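The shown structure was predicted, so the numbers you read here are calculated from the model rather than taken from an experiment. Counting begins at 1 with the first residue of the sequence.
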Amino acid sequence: MSNQTSPLAANHDVLRVELGARSYDILVGSNLLADTASHIAPFVRKAGVVVISDATVAERHLPVVLASLDGAGIAHREVIVPAGEKSKSFAVFEDVIEQILAMGIERSTLIMALGGGVVGDLAGYVAASLLRGLDFVQIPTTLLSQVDSSVGGKTGINSKSGKNLVGAFHQPRLVLADTAVLDTLPRREMLAGYAEVVKYGLIDDPEFFDWLEQNAEAVLSNDGAERREAVMRSCAAKARIVSQDERESGKRALLNLGHTFGHALEAETGYGAKLLHGEAVAMGMVIAHDVCAAMGMAPAGEKERIASHLKSVGLPVCASEVPGMHWDIDRLIGHMSRDKKVRDGEITFVMTRGIGKAFTSKAMDIQKMRAAITRSCHG
């Protein structure tokens with residue numbers, strides 16, 4: 001992963017994800033959508049592009065993207081899916097596949113994902129599957145997708161058994177992160193993404209966590225230098241880890257800090273609006289630090305410091321804060337047993353020795369883990 005100066009414009013920075021022949025750039029800056037055609041030009045052929053978006057994003061941002069493509073004479077077609085997690089389903093996946101095949105695409109057709117994590121994961125899996133693999137570009141429109149799901153090549157859909165259990169590793173050719181579009185997001189959506197930003201500090205960059213404690217509101221409230229820096233540092237952290245471990249055989253698992261617990265909470269709420277992914281990750285990171293403190297690995301006070309920061313911006317930090325939920329601890333642990341990180345019947349947990357000191361281990365004290373989950377669920 002490396003930084004470089006963009007040859008296209010002065011209004012963005014470029015990060016390089018180093019993966020040999022599959023290397024690609026992440027562009028981070030303001031008002032990049034208006035120049036979409038210029039940025040994707042190296043990957044466009046006569047077959048043109050198919051833009052996959054959801055109904056909400058299409059209404060807000062698709063006209064700007066299409067105007068750019070039209071101005072450059074790039075042929076395009078669009079597929080619009082319903083907004084929300086339910087679009088990461090077999091039914092929507094099949095419908096999108098059939099719509100695109102009916103267009104008479106070629107191996108040189110470029111798929112463009114315009115939207116948040118749901119659209120990016122769905123469109124990436126569509127690209128990985130069509131004609132045994134088409135190039136695709138990620139244009140993430142939420143903070144969560146800009147700093148996490150658009151980078152690294154994980155694509156997929158959900159099944160009845162759990163989230164993201166069906167998919168493929170398929171790297172994009174380019175990630176275009178326009179920080180100005182985040183101004184259109186509701187505060188709750190911004191906060192859901194912010195939880196993933198905090199995660200990068202907690203994994204291995206305590207100085208970044210210190211910086212976030214001082215600059216969180218600036219990151220969240222306006223498209224300024226602080227937001228751009230937060231997205232850049234988050235993407236740089238993920239790019240560095242992905243470059244070392246593309247298919248999650250080792251170090252990349254650290255990116256799942258808080259996710260094993262968080263995914264269990266999401267599964268129990270049905271992956272809906274009751275509990276957003278980033279909110280679940282915030283709770284999961286607090287649980288992870290709680291259980292590691294109980295096991296004598298991490299300083300007890302750091303769990304409170306993390307929870308205090310997350311709470312200060314408006315994120316929930318305990319599962320007991322989710323309205324209308326009566327948690328069954330055994331059911332939550334059952335969800336965890338079906339997590340993608342289960343290997344040879346054992347869960348690989350992301351654990352911590354403190355802020356910036358995350359590591360992976362299967363040596364979990366199940367009773368202390370149960371107690372930490374119970375504290376989160378019942379206060």
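- With hydrogens and angles ignored, the 3.5 Å screen pairs a side-chain donor or acceptor of S87 with a backbone N or O of P82.
- How far CG of D290 is from OG1 of T352: 12.5 Å, rounded to the nearest 0.5 Å.
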Full working for side chain to side chain contact (heavy atoms under 4.5 Å, CB included) between T109 and V49: CA-CA 6 Å; T109 299; V49 305; over 6 Å; no
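- Sparse packing is recorded around CZ of R353, with 12 or fewer heavy atoms of other residues, nucleotides or ligands lying under 6.0 Å away.
- With hydrogens and angles ignored, the 3.5 Å screen pairs no side-chain donor or acceptor of D54 with any backbone N or O of A83.
- At a cut-off of 3.5 Å, with distance as the only test, a side-chain donor of D70 or H76 sits close to an acceptor on the other residue.
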Begin from the C-alpha positions of I329 and C377 and carry the test side chain to side chain contact (heavy atoms under 4.5 Å, CB included) through to its verdict. CA-CA 8 Å; I329 306 304; C377 291; 3.9 Å; yes
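- Atom OG1 of residue T179 and atom NE2 of residue H12 lie 11.5 Å apart, to the nearest 0.5 angstrom.
- Separation of atoms CD (Q244) and CG (L254) is listed at 10.0 Å; rounding is to 0.5 Å.
- Under the 4.5 Å side-chain criterion, counting only non-hydrogen atoms from C-beta, W327 is in contact with L265.
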Test ring pair (Phe, Tyr, Trp, His ring centres under 6.0 Å) on Y271 and H263; report intermediate values, then the result. CA-CA 9 Å; Y271 303 109; H263 281 163; 7.7 Å; no
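- Ring pair F136/H170 is parallel by interplanar angle, where below 30° counts as parallel and above 60° as perpendicular.
- Under the 4.5 Å side-chain contact rule for hydrophobic residues, M112 and L101 do not share a cluster.
- Of the charged side-chain nitrogens involved, at least one lies within less than 4.0 Å of a carboxylate oxygen, so that R305 and D210 count as a salt-bridged pair.
- A distance of 14.0 Å separates NZ in K160 from CG in L165, rounded to the nearest 0.5 Å.
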Take S149 and V118 through the side chain to side chain contact (heavy atoms under 4.5 Å, CB included) test and state the conclusion after the steps. CA-CA 9 Å; S149 59; V118 169; over 6 Å; no
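- Contact between A288 and L257 at its shortest, heavy atoms only, is CB-CD1, 4.3 Å.
- Screening R16, Q171, R173 for a side chain to side chain donor-acceptor pair (under 3.5 Å) involving Y24 leaves a single residue, Q171.
- The heavy-atom pair separating E78 from L62 by the smallest distance is CG-CD2, 4.1 Å.
- For the salt bridge (charged side-chain N to carboxylate O under 4.0 Å, His left out) condition, the pairs that include at least one residue of residues 115-134, sequence neighbours left out, are K88-D121.
- N215 contributes no side-chain N or O that, together with a main-chain N or O of E226, makes up a donor-acceptor pair within less than 3.5 Å.
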Derivation of the side chain to side chain contact (heavy atoms under 4.5 Å, CB included) call for M351 and C292: CA-CA 7 Å; M351 305 175 79; C292 288; 3.6 Å; yes
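- The shortest side-chain heavy-atom distance between E189 and L143 does not fall under the 4.5 Å cut-off.
- Under the 4.5 Å side-chain criterion, counting only non-hydrogen atoms from C-beta, H259 is not in contact with M285.
- More than 12 heavy atoms of other residues, nucleotides or ligands lie within 6.0 Å of NZ in K251, so this atom counts as buried by the packing criterion.
- When all heavy atoms are compared, the tightest approach of A230 to V197 is CB-CG1, 4.4 Å.
- Put simply, the side chain of N164 never gets that close to the backbone of N158: no donor and acceptor are under 3.5 Å apart.
- With sequence neighbours excluded, the residues satisfying side-chain contact (heavy atoms from CB on, under 4.5 Å) with D205 are E207, F208, R233.
- At least one side-chain heavy atom of R227 sits less than 4.5 Å from a side-chain heavy atom of D183.
- Of the possible polar contacts, one joining the K238 side chain to the D148 backbone as a donor-acceptor pair under 3.5 Å is found.
- Across every non-hydrogen atom of P299 and G354, the tightest pair is CD-CA, 4.1 Å.
- Between E248 and K154, at least one side-chain N (NZ, or NE/NH1/NH2) sits under 4.0 Å from a carboxylate O, which counts as a salt bridge.
- The pair R22-E246 meets the salt-bridge criterion, since a charged nitrogen lies less than 4.0 angstrom from a carboxylate oxygen.
- Using modelled atom types, one side-chain atom of Y200 and one backbone atom of V147 make a donor-acceptor pair closer than 3.5 Å.
- The pair D135-R107 fails the salt-bridge criterion, with no side-chain N (NZ, NE, NH1 or NH2) lying under 4.0 Å from an Asp/Glu carboxylate O.
- A salt bridge does not link K357 to D204: none of the charged nitrogens lies less than 4.0 Å from a carboxylate oxygen.
- Using a 4.0 Å cut-off between charged nitrogen and carboxylate oxygen, R187 and E217 count as a salt-bridge pair.
- Donor-acceptor pairing under 3.5 Å is lacking for the side chains of E85 and H277.
- The closest side-chain heavy-atom distance from Y125 to V166 is below 4.5 Å.
- Ionic pairing of D365 and K368 is present here: one or more N-O contacts between side-chain nitrogen and carboxylate oxygen are shorter than 4.0 angstrom.
- Side chain of R45 to main chain of L110: no donor-acceptor pair is present (N/O by atom type, distance under 3.5 Å, no hydrogens or angles).
- If you chain together hydrophobic residues whose side chains sit under 4.5 Å apart, L131 and V51 never meet in one group.
- By the criterion of side-chain heavy atoms lying less than 4.5 angstrom apart, applied directly or through intervening Ile, Leu, Val, Met, Phe, Trp or Tyr residues, L144 is not grouped with L255; the two fall into different hydrophobic clusters.
- There is no side-chain donor-acceptor pair under 3.5 Å between H289 and E302.
- Minimum heavy-atom separation, S145 to S150: O-OG, 2.7 Å.
- Taking CD1 of I373 as the start and CD1 of I333 as the end, the distance is 5.0 Å to the nearest 0.5 Å.
- A 4.5 Å side-chain heavy-atom check between I306 and I355 finds at least one atom pair inside the cut-off.
- Inter-residue side-chain proximity for M232 and I26 is flagged as unmet; no heavy-atom pair is nearer than 4.5 Å.
- Residue V181 comes nearest to L33 through the heavy atom pair CG1-CD1, 3.6 Å, listed as atom of the first residue, atom of the second, then distance.
- Residues that satisfy the salt bridge (Lys or Arg N to Asp or Glu O under 4.0 Å) test with R188, not counting sequence neighbours, are E279.
- With hydrophobic clusters built from ILVMFWY side chains whose heavy atoms lie under 4.5 angstrom apart, L114 does not share a cluster with I105.
- The CG atom of L176 lies 9.0 Å from the CD1 atom of I40; values are rounded to the nearest 0.5 Å.
- Judged by distance alone, with hydrogens and angles left aside, the side-chain atoms of Q146 form a donor-acceptor pair with the main-chain N or O of P140 at under 3.5 Å.
- Counting heavy atoms from C-beta outward, V286 and C318 have side chains that stay 4.5 Å or more apart.
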